[in-house]
Amino acid sequence: LRVCIDPNNLPVSDSLNQGLENKIAELLANTWHSKLEYVWWRQGFGYFNRGLNGLYCDVDITAPQGMDIVATTRPYYRSSYVIIYRKDSGLNITSLDDTVLKHLKIGINMVGSDGDASPPAEALKSHGVVGNLVGFAPFFSDINPPGAVIQAVADKKVDVAIVWGPIAGYFAAKQSVPLVLNPITSDPKTGIPFSFSISMATGRRNKALRDSLQTFIDQNQDKLNGILRSFGIPLLPLADSSGTPGSANA
């Protein structure tokens, strides 16, 4: 069982087998009585297409639901971005509509050269929050680990951060001060999505393997939830899981 995996992308995965993908891949291999082999591949442009459709690996453990370039299962978890701040800050922010955000230093993980492509940056501009964003390296970066923005909140280098839930939950639990995590599931003002469903994926033509993965998920959802919760992942309810896996590409 060849699994494409990033060697330096906690909490998702790493080369020391400490990530949630590592744990799920081990469960999958043990269930199927298969020999597990990792294909180390840094996430970035072409990760799914080249890795899975190029037949370098068989499975990716965490893929956005319905990617049309590959074959995906139905989602096995859903999470969202969260607003995160120190518990002793006196803040109570649950929405991007809160005008206090205009007066705070806000940390975000960048997407693209200026960060404008990330959901928080794009939405905050529409809420009139400009000039007070502090950009941190993208999720998949050797320059600055994704947890640095959480550390900056704990160290009071920024007042709040808006971060993808799995990253926030995992790194918040490692801080020496209590932090508050409030989920943002959507932004009605802009319509920008802040919550996303995660599936497993195979090569686009390998529907048989995709369907086998779906059976594995259906039979082991409680164990998968246990792994996710052990990493502090904020989980949202999944939509109706009936129907064909990867409906966008079935």
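Between Arg2 and Tyr56, the shortest heavy-atom contact is NH1-O, 3.1 Å. Val82 and Pro234 get closest at one heavy-atom pair: CG1-CG, 4.4 Å. Minimum interatomic distance between Thr185 and Ser80 (heavy atoms only, all atoms of both residues): CA-CB, 4.3 Å. What you find for Leu236 and Ser195 is that their closest heavy atoms are CD1-CB, 3.7 Å. Here the closest non-hydrogen pair linking Phe136 and Ala152 is CZ-CB, 3.6 Å. Closest approach of Tyr170 and Pro11 over heavy atoms only: CG-CB, 3.3 Å.
Under 4.0 Å is where a charged nitrogen must lie from a carboxylate oxygen, and between Lys105 and Asp159 no such pair does. With salt bridges taken as basic N to acidic carboxylate O contacts below 4.0 Å, one links Arg74 and Asp218. A salt bridge links Arg86 with Asp88: the closest approach of a Lys/Arg side-chain nitrogen to an acidic carboxylate oxygen falls below 4.0 angstrom.
Atoms CD1 and CG, from Ile198 and Asp60 in turn, are 10.0 Å apart once rounded to the nearest 0.5 Å. Atoms CG and CD1, from Leu104 and Ile93 in turn, are 5.5 Å apart once rounded to the nearest 0.5 Å. Ile108 CD1 to Leu124 CG: the interatomic distance, rounded to the nearest 0.5 Å, is 7.0 Å. For the atom pair Asn17 CG and Lys23 NZ, the distance stands at 6.5 Å (nearest 0.5 Å). Going from atom CD of Glu122 over to atom CG of Asp187 covers 10.0 Å, rounded to the nearest 0.5 Å. The line from OG of Ser199 to CD1 of Ile217 is 7.0 Å long, rounded to the nearest 0.5 Å.
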Margin query: side chain to side chain donor-acceptor pair (under 3.5 Å) for Arg210 and Thr73? Distances and angles first, verdict last.
Written below: CA-CA 6 Å; Arg210 187 272 311 273; Thr73 65; over 6 Å; no
Next item on the list: Output, in order, the C-alpha distance, side-chain angles, deciding distance and verdict of side chain to side chain contact (heavy atoms under 4.5 Å, CB included) for Val158 and Ile106.
Entry: CA-CA 6 Å; Val158 297; Ile106 304 170; over 6 Å; no
Next item on the list: Go through the steps for Ile61 and Tyr76 under the test side chain to side chain contact (heavy atoms under 4.5 Å, CB included), then give the verdict.
Entry: CA-CA 10 Å; Ile61 300 296; Tyr76 65 97; 3.5 Å; yes
Next item on the list: Dump the intermediate steps for side chain to side chain contact (heavy atoms under 4.5 Å, CB included) on Ile162 and Leu96, then the final yes or no.
Entry: CA-CA 10 Å; Ile162 304 177; Leu96 298 184; 3.7 Å; yes
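Asn109 is not listed as a side-chain neighbour of Trp164, based on a closest heavy-atom distance of 4.5 Å or more. Val12 has its side chain out of reach of Asp6: every pair of non-hydrogen atoms, C-beta onward, lies at least 4.5 Å apart. Ser186 is not listed as a side-chain neighbour of Phe194, based on a closest heavy-atom distance of 4.5 Å or more. By the 4.5 Å heavy-atom criterion applied to side chains, Pro120 and Tyr81 are counted as neighbours. At a threshold of 4.5 Å between non-hydrogen side-chain atoms, the residues Phe196 and Gln65 do not count as touching. Using a 4.5 Å heavy-atom cutoff, the side chains of Leu91 and Val180 are not in contact. Side-chain contact between Ile69 and Arg204: absent, with no pair of heavy atoms (C-beta onward) separated by less than 4.5 Å. Contact annotation: the side chain of Leu213 approaches that of Val59 to within less than 4.5 Å [non-hydrogen atoms, C-beta and beyond].
Not counting sequence neighbours, the partners of Tyr85 by the side chain to side chain donor-acceptor pair (under 3.5 Å) test are Asn182.
For Asn206 (side chain) and Leu209 (main-chain N/O), a donor-acceptor pair under 3.5 Å exists by modelled atom type.
Each of Val39, Ile5, Thr202 was checked for a side-chain contact (heavy atoms from CB on, under 4.5 Å) with Cys57, and the lone residue meeting it is Val39.
Asp98 and His127 share no donor-acceptor pair across their side chains, judged by distance under 3.5 Å alone. If you check the side chains of Asn225 and Gln221, you find a donor sitting under 3.5 Å from an acceptor. Counting only N and O atoms by type, the side chains of Thr62 and Glu21 include a donor and acceptor under 3.5 Å apart.
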Pairs under 3.5 angstrom only: tabulate donor-acceptor contacts from the side chains of residues 24-37 to other protein residues two or more places apart or in another chain.
from	atom 1	to	atom 2	distance (Å)
Asn30	ND2	Glu26	O	3.1
Thr31	OG1	Leu27	O	2.7
Ser34	OG	Trp32	O	3.4

